[in-house]
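Notes follow the structure.
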Protein chains: 2
Amino acid sequence: MTTDSPVASRSRDAEKTRQALLESARSRFAHDGYAATTVRDIATDAGVNVALINRYFGSKEGLFAACLNRTVEQMEPPAESQTTFDQMVASLVARVADQSGGVKPLELLLLIRSSGDEKADEIRRATLTRYTESMAAIAGWKRDDPATEALLLRAQIAMATGFGIVLWRASTELGPLASASAADLSGPVGDVVTALLR
Amino acid sequence: MTTDSPVASRSRDAEKTRQALLESARSRFAHDGYAATTVRDIATDAGVNVALINRYFGSKEGLFAACLNRTVEQMEPPAESQTTFDQMVASLVARVADQSGGVKPLELLLLIRSSGDEKADEIRRATLTRYTESMAAIAGWKRDDPATEALLLRAQIAMATGFGIVLWRASTELGPLASASAADLSGPVGDVVTALLR
DNA sequence: GAGTCGTGTAAACAATTGCTGACTTGTGAA
DNA sequence: TTCACAAGTCAGCAATTGTTTACACGACTC
């Protein structure tokens, strides 16, 4: 039907179904949590058979790990040396308010809600550490410098604010926060990060 | 054995096992989430038989609702007319940092993480609305007054920060936030709430 | 002490879970 | 066209889930 791509839409395309599964899984895992999500739900969303999850990802945990990896890769923190404070604030707002291009805000929840799998938890911890240390560094934090120690705590609280907002928007429809646009959020969130780190 | 109370510790005390179940359930639900918690886990924690959950609470959902109710009752917001701004900030910090006496911080997560049950979700929404409106009112918010509209959004963000911090502390051991004391938190959180609402 | 009712236990139920094996079907090369 | 292998389907498994039923215990009244 569609003759757009050199490798046009085939009815059987392993890579395409792999991506479809990843997409459905990330959405389900982020929104409902790991335990509440069933592999049959994911397969149905993706429009494919359940057995393919085990074929392509080994297990439900393997699929979750793949989801987490994709999110982690897109969470590259702003480079400490060439990022201004205002850019960092804008970047955080963008991630929370669905204007970041890559990661959807919901996926951030993969980083903060435990799945029970220890290996995945380690990946999450490393990502959170890397990101918050970058934020703190932009604000002046130096590793092992007691004088700037408090900045790391404050960067983590800024991050926690982001998670809290995303969680609020994902699990309640309570306005105005649930329906706030990026423009609505940018002022208040900017105030928070500024109060914490400047 | 113990002869402390007029109604001393009986080996069979319905009210006591009810409370034990409630305690175990609140802890499990808050920490692991609704779906990841099994009734057998709860019963084992409480040291009683699984069947008693259904006898005393009807179902797993009924037990969850009972947990939620106990938390909701203890979430009475600060009275708008006789609470200063600083008292409100201190109250929020206390809830997050386990110095509130009543509700343990973890239990706050019952208010923000959906259980899938629509009736429980409605209770959660009502509680969140009541609490954030009280906070906003202390800061000057008036219902249906467009000039103060933004304060409600900002109160919700302040609340979200609290949830984010609790979630961070519950699902990672990442310091310094995970191991911060109430004294450590009070400064930064105070800054956040002030930046949002003053 | 006998009877009774509230409390607790044990075993099993049906449904759902993640997962597996044997199978069909489509696709592209020979 | 034929054929081989990847891609997808199907039915069923073992384990776990929430729940129920039938039974045993223990304390209290008479």
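Order of the sequence lines sets the chain letters (A, B, ...), proteins ahead of strands, with each chain counted from 1. Note: hydrogens, waters and symmetry copies are ignored here, and every other heavy atom, side chains too, is used. The model shown is predicted, which means the values in this text are computed figures rather than measured ones.
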Problem - For atom NZ of Lys16(B) and atom P of dT7(C), their distance in whole Å - result: 13 Å
Exercise for the section: Without swapping roles, check the side chain of Thr148(B) against the backbone of Leu151(B) for a donor-acceptor pair under 3.5 Å. Expected result: no
Completion exercise
Angle separating the five-pair end axes of the helix from dG1(C)-dC30(D) to dA30(C)-dT1(D), nearest 10°, is 10°
Problem - Which nucleotide in dA10(C), dT19(D), dA7(D) has an atom nearest any side-chain atom of Asn49(B) - result: dA10(C)
Exercise for the section: Send over the distance from Ile53(A) CD1 to dT9(D) P, rounded to a whole Å. Expected result: 12 Å
Problem - Worked check of side chain to side chain contact (heavy atoms under 4.5 Å, CB included) between Tyr34(B) and Glu61(B) - result: CA-CA 9 Å; Tyr34(B) 180 82; Glu61(B) 272 196 2; 3.1 Å; yes
Could you list the donor-acceptor pairs under 3.5 angstrom formed between side-chain atoms of residues 187-198 of chain B and any protein atom two or more places apart in sequence or on another chain?
from, atom 1, to, atom 2, distance (Å)
Asp191(B), OD2, Arg154(A), NH1, 3.1
Asp191(B), OD2, Arg154(A), NH2, 2.8
Thr194(B), OG1, Gly190(B), O, 2.7

Exercise for the section: Please tell me which of the listed nucleotides, dT17(D), dT17(C), dT7(C), lies nearest to the side chain of Ala14(B)? Expected result: dT7(C)
Handout entry: Nucleic acid contacts of residues 54-70 of chain A, taken as heavy-atom distances under 4.0 Å to DNA chain D
Key = Arg55(A), Tyr56(A)
Problem - DNA chain D contacts made by residues 29-36 of chain B, counting heavy atoms under 4.0 Å - result: none
Exercise for the section: Please list, by residue number, the residues of residues 20-28 of chain B whose heavy atoms come closer than 4.0 Å to an atom of DNA chain C; answer none if no residue qualifies. Expected result: none
Practice task
Calculate, to the nearest 0.5 Å, the distance between atoms CD and CZ belonging to Glu107(A) and Phe29(A) respectively.
Solution key: 13.0 Å
Exercise for the section: Please determine, for the side chain of Leu52(B), which listed nucleotide (dT9(C), dA6(D), dT9(D)) has the closest atom? Expected result: dT9(C)
Handout entry: Value rounded to 0.5 Å, distance of CG in Leu111(B) from OG1 in Thr172(A)
Key = 11.5 Å
Practice task
Tell me what Val50(B) touches on the nucleic acid: a base, only sugar-phosphate, or nothing, going by heavy atoms under 4.0 Å.
Solution key: base
Tabulate below the donor-acceptor pairs under 3.5 Å that side-chain atoms of residues 174-183 of chain B make, not counting sequence neighbours, or state none.
from, atom 1, to, atom 2, distance (Å)
Ser181(B), OG, Ala183(B), N, 3.4
Ser181(B), OG, Asp184(B), N, 3.2
Ser181(B), OG, Asp184(B), OD2, 3.1

Exercise for the section: Kindly point out which of dG18(C), dT7(C), dT19(D) is positioned nearest to the side chain of Arg40(B)? Expected result: dT19(D)
Practice task
For Arg124(B) and Ser171(A), indicate whether the former's side chain and the latter's backbone hold a donor-acceptor pair under 3.5 Å.
Solution key: yes
Handout entry: Thr17(B) vs dG8(C): side-chain N/O to OP1/OP2 distance below 4.0 Å
Key = yes
Practice task
Consider the side chain of Ala51(A), meaning its heavy atoms from C-beta on, and name the nucleotide among dT21(D), dG26(C), dG21(C) that approaches it most closely.
Solution key: dG21(C)
